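No hydrogens, no waters, no symmetry mates; every other heavy atom, side chains included, goes into these values. None of the values given here were measured: they were computed from a predicted structure.
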Amino acid sequence: MAVETVLIEKLGEQVFSALMNQAQFALDFKNQFQALKTQLDLVKAFLADTNNLKMKKETLKTSLIKLRDLVYEADDILTDCVLRYDYQKDGSCSKYTPDEFLFRCRMGRQLMDLNSRMGKMGSDLSAYLTPQHLLSLGDNTYRAKVFTSQDFEPSEVIGLEEDIEKLKRWTFSASGVLQRIGIVGMGGLGKTTIAQKFFEDRAVAGCFDKKIWVSVSQDFSDERIIKSILVQLGENPSPVSDLGQMLHVINQSLQGQSCLIVMDDVWSFNQDWWGKLCSAIQKTEKRSCVMITTRNEDVATHMGVESSRIHHPKVLDEKDTWSLFCNFAFQETKGKCSNSQFEKVGKEIVGKCGGLPLAIKTIAAFLATEVHNLGKWKDILDHFHELTTRKQNSSVKTSLQLSYDALPTHLKQFLLCFSIYPEDFVIQAEQLVHWWVGEGFIQRTEHSKTAEDLGYEYLTDLVRRCLVEVVERRGYDGRVYSCKMHDLVRDLTTMFAEDEMLCSFEAGKQKLSPDSRWLGLTSEMSAATLKHCSKLRALLLMASSQGQFPFSKNQMVSLDSLRVLDLSRIRLDSTSMEKLLSWIFSLQRLAYLNLSGAVGLKEMPSSIRKLRNLHLLILAECSDLTKLHPSISYLKNLIVLDCGSCGLQYLPQGIGNLSQLQELSGFRVVRQATPQSCHLLELKQLVQLRVLRMNLSNESEITESEGEILSKLVKLRVLAINTEDCKDRTILEMLDRLHPPPNLKELYLRRYPHKSLPKWINPTKLSVLQYLCLENGSALKSINPSAHSEEESAFSWNYLEGLCLKFLPFLDEDWTDLQKTMQSIRYVEVSNCFNLKNFPCPVDKSGIWRKVED
């Protein structure tokens, strides 16, 4: 119930806010909304208990399924009320029409019925979620485990020799009293095995007087960990009960002793006693080492491990995976496979394990009992998905289940979203984040951060926990551009998603189901069956199917609960596109619409005004799109409007009415003689704007009064300007008139055909700039703005961390001089800058320089 828990929190906040602000729709049904808020709070309390249940009773599971439906129904009702209220506020409908009377009657009945069913559900749940039932979860106290040599098998370290040597080099070359080392990676990657081998290494053992190994695991107790350390130091912990006293005994025992402590499988920790323990070790004045293995890099960092001393084990290569497999599968023949047929099938099975030692060992151990049954091996190969999601592969399942259980509720819902993507599918991070925002998974908690900002942070958190793999990331700050999921992690994620009844799967592929909430649409699915999926809330067209799916309005009329619709890259003829748009405009609860790169989309008609709940509209790269109707100004909930790289000559007048807009891409600066267009002056109303991507051409005009507009956008953090190689010097002079936003963090200037930068691109005007990107400057010779300043010392970028210089063939600068003016610079990307001197990487092709951290 991870997704529903977050949705309940959102609904509760919306109802409470509506009641407190005396929104008219809340006052109309005040008693029912107050009752709904009470029921939501009660349900949330029940879910706090059920989320901890590992095995739900069937009766309880049935109740939770019904509860899920009620929560989604409540969301639909609340959305409808909010939308109706919006129509009333702008005068689109009157409170005294027969239609309005019928709406109020219908909503009143639905709210009463919903509250009645929720009340009954609360009674049903209380019958199962009693204190006695919760006690059946068992004792969650920590059970300390001391590592002994019997736990270690030499066959398990195949392919890990280089890892061990790296850790030894770090340890032996350490200069301080206390060396801290972290091993971070996903479950099953071999972190513990590496640490065990290091722990038992003779050279390592010779460096320390004391060695301590503590398996922390998820259910831990501070007292038990410290008692375990005391036992391994030869002390009797029984007489001591106070944590402070136990730490004092450890301090005394370590006096004059060098020590190696391995904290294995750490999920979280107590900063207070950990700091005291490390302080006690440092007081010994002899070289000691603390090694931490964890799935979460943040844990290692917070425990004092520097990033330069965090080791990320890699998956095993083909040779080592086969060797490890043989050691477990062919134990009778001491790890040798003499049958070529078994070898062929075995290597195919191993290839599906992705180099994960845990998965390889588990599969091999299972097959060891069938070393004379080739048919069984082939069956395992054919049913690999089932094997990795059922009890036969309990080691993999248990390992990944622990990772999933340890996630905060909000991260669980994000992880489950990955289930709809096919195996090895490269997922665009922006698509994921927009989905999360559109479905309401992300609620802002900090005023300075947008929901989109938080979405990228949550994605990074999943990456840090080694549940998601990065395919491409931005160089200077590491923001994830694209990602994917390891096959074994995906298999387990699909199992979790199916258990939550969010999706249905067969042989690892998603299938249509009447209960499905999310769907990754492929060409293998029949459009006719979509009309039976009335509960769908997210529908995304997979890249492999783009342009191939035959849409029919009559087959999809029942998708009224849809919040997310991503049909990017779809290819349709004009007639089919008109029918598709007609269907889309009937989805009044839709919050995220992505038609980027759509072929055949020529016009966004006036009916766009019907999508009042729309928060994100993505029309990027729609080269056929030539008209965007002014009625888009009715979409007051829009926070993202992306029309970048479209065929539009201008955005329509009225964009300034979109008061909640946080990101605007594809804004074209046009002449004042174009009255039906949105002019720069109109942007001053967009006080929430964080990102602006604008285009200038020979047809652009910036008046004197418009020069200061950008400086009024105090929340603007990202500004991208594309001058489209315009040769008119008047346009370039107009660009000089601009007064930049005061808090700009990132600036992108592309296709700028001038010898020097606009005057306002200097450290005085852009005092907090962190990233500067200059691309395709056919004439740019200098990026040093000191010529515009009375004092040469003014040219000092105090906060600039990243710099991108691409295709600047006449740039005549000396990197040595530039570096002196950029004291904080740590990432520089250069390409085709033939006259850039003294740069440490090639300048005639792509080169990246990173500052070496001390």
Side-chain angles (χ1 to χ4, degrees), residues 82-83 86 89-90 430 433-440 442-444 446-456 563-564 590-596 604 606 608-620 622 625 628-646 648 650-670 676-695 706 708-722 738 740-746 748:
V82 171
L83 291 177
D86 288 343
K89 283 196 301 182
D90 65 18
E430 185 178 61
V433 172
H434 284 170
W435 172 7
W436 298 343
V437 174
E439 199 162 348
I442 303 176
Q443 301 299 308
R444 281 201 304 162
E446 299 179 42
H447 186 67
S448 61
K449 291 184 178 180
T450 66
E452 195 168 351
D453 291 334
L454 292 173
Y456 279 101
R563 298 307 196 274
V564 172
L590 198 65
Y592 165 44
L593 174 61
N594 187 346
L595 293 173
S596 60
M604 191 58 70
S606 61
I608 185 70
R609 70 184 184 278
K610 296 179 180 179
L611 301 182
R612 295 292 187 103
N613 194 45
L614 206 61
H615 287 63
L616 306 100
L617 177 59
I618 313 298
L619 302 172
C622 292
L625 183 64
L628 182 61
H629 198 275
S631 61
I632 193 175
S633 61
Y634 284 95
L635 308 185
K636 301 297 178 62
N637 289 313
L638 267 187
I639 59 174
V640 175
L641 174 59
D642 187 352
C643 299
S645 302
C646 282
L648 294 170
Y650 54 83
L651 292 182
Q653 191 175 35
I655 295 296
N657 294 328
L658 305 178
S659 58
Q660 300 301 314
L661 205 60
Q662 298 172 359
E663 181 176 333
L664 175 60
S665 300
F667 174 77
R668 301 188 68 87
V669 181
V670 298
Q676 67 271 35
S677 67
C678 177
H679 293 100
L680 195 59
L681 195 63
E682 197 175 335
L683 298 191
K684 68 178 181 181
Q685 303 173 57
L686 304 180
V687 295
Q688 299 297 326
L689 205 61
R690 266 76 165 182
V691 178
L692 174 62
R693 300 183 179 96
M694 54 191 287
N695 294 61
E706 290 177 323
E708 296 185 356
I709 293 301
L710 297 184
S711 65
K712 306 296 183 182
L713 304 177
V714 296
K715 293 186 178 182
L716 198 67
R717 299 293 184 268
V718 179
L719 175 62
I721 301 176
N722 188 334
L738 290 179
N743 300 308
L744 198 66
K745 298 293 182 65
E746 300 176 25
Y748 302 80

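In this structure, Leu689 CG and Leu716 CG are separated by 5.5 Å, a value rounded to the nearest 0.5 Å. For the atom pair Leu719 CG and Tyr748 OH, the distance stands at 10.5 Å (nearest 0.5 Å). Put simply, NE2 on His615 and CG on Asn637 are 4.5 Å apart, with the number rounded to the nearest 0.5 Å. Considering CG of Leu641 and CG of Leu686, their distance stands at 10.0 Å, rounded to 0.5 Å. Here CG of Leu611 is found 10.0 Å from CD1 of Ile632. Values are rounded to the nearest 0.5 Å. To the nearest 0.5 Å, the span separating CG on Asp642 from CD1 on Ile618 amounts to 5.0 Å.
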**Request:** Applying side chain to side chain contact (heavy atoms under 4.5 Å, CB included), run through Leu683 and Cys678 and close with a yes or a no.
**Result:** CA-CA 8 Å; Leu683 298 191; Cys678 177; 4.3 Å; yes
**Request:** Let me see the working for Lys636 and Arg612 under side chain to side chain contact (heavy atoms under 4.5 Å, CB included), right down to the final yes or no.
**Result:** CA-CA 7 Å; Lys636 301 297 178 62; Arg612 295 292 187 103; over 6 Å; no
**Message:** What verdict does the side chain to side chain contact (heavy atoms under 4.5 Å, CB included) test give for Leu595 and Met604, after you've listed the backbone C-alpha separation in whole Å, the side-chain angles of each residue and the deciding distance to 0.1 Å?
**Reply:** CA-CA 11 Å; Leu595 293 173; Met604 191 58 70; 4.1 Å; yes
**Request:** Just do the side chain to side chain contact (heavy atoms under 4.5 Å, CB included) check on Arg717 and Asn743 with the steps written out, would you?
**Result:** CA-CA 6 Å; Arg717 299 293 184 268; Asn743 300 308; 3.5 Å; yes
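Among all heavy-atom pairs drawn from His679 and Phe667, the shortest one is C-CZ, 3.8 Å. In plain terms, the two heavy atoms of Ser633 and Leu658 that are nearest each other are O-CD2, 3.7 Å. Nearest heavy atom pair, residue Cys646 against residue Leu625, reads SG-CD2, 4.2 Å. Residues Ser711 and Pro742 come closest through the heavy atom pair O-CD, 3.5 Å.
Leu710 has its side chain out of reach of Pro740: every pair of non-hydrogen atoms, C-beta onward, lies at least 4.5 Å apart. Between Gln676 and Gln653 the shortest side-chain heavy-atom distance does not fall below 4.5 Å.
For the pair Asn722 (side chain) and Asn695 (backbone), a donor-acceptor distance under 3.5 Å is absent. Glu706 contributes a side-chain N or O that, together with a main-chain N or O of Leu681, makes up a donor-acceptor pair within less than 3.5 Å. Checking side-chain atoms of Glu682 against main-chain N and O of Gly654 turns up a donor-acceptor pair under 3.5 Å. For the pair Arg668 (side chain) and Gly666 (backbone), a donor-acceptor distance under 3.5 Å is absent.
Partners of Glu663 by salt bridge (Lys or Arg N to Asp or Glu O under 4.0 Å), not counting sequence neighbours, listed by chain and number: Arg693.
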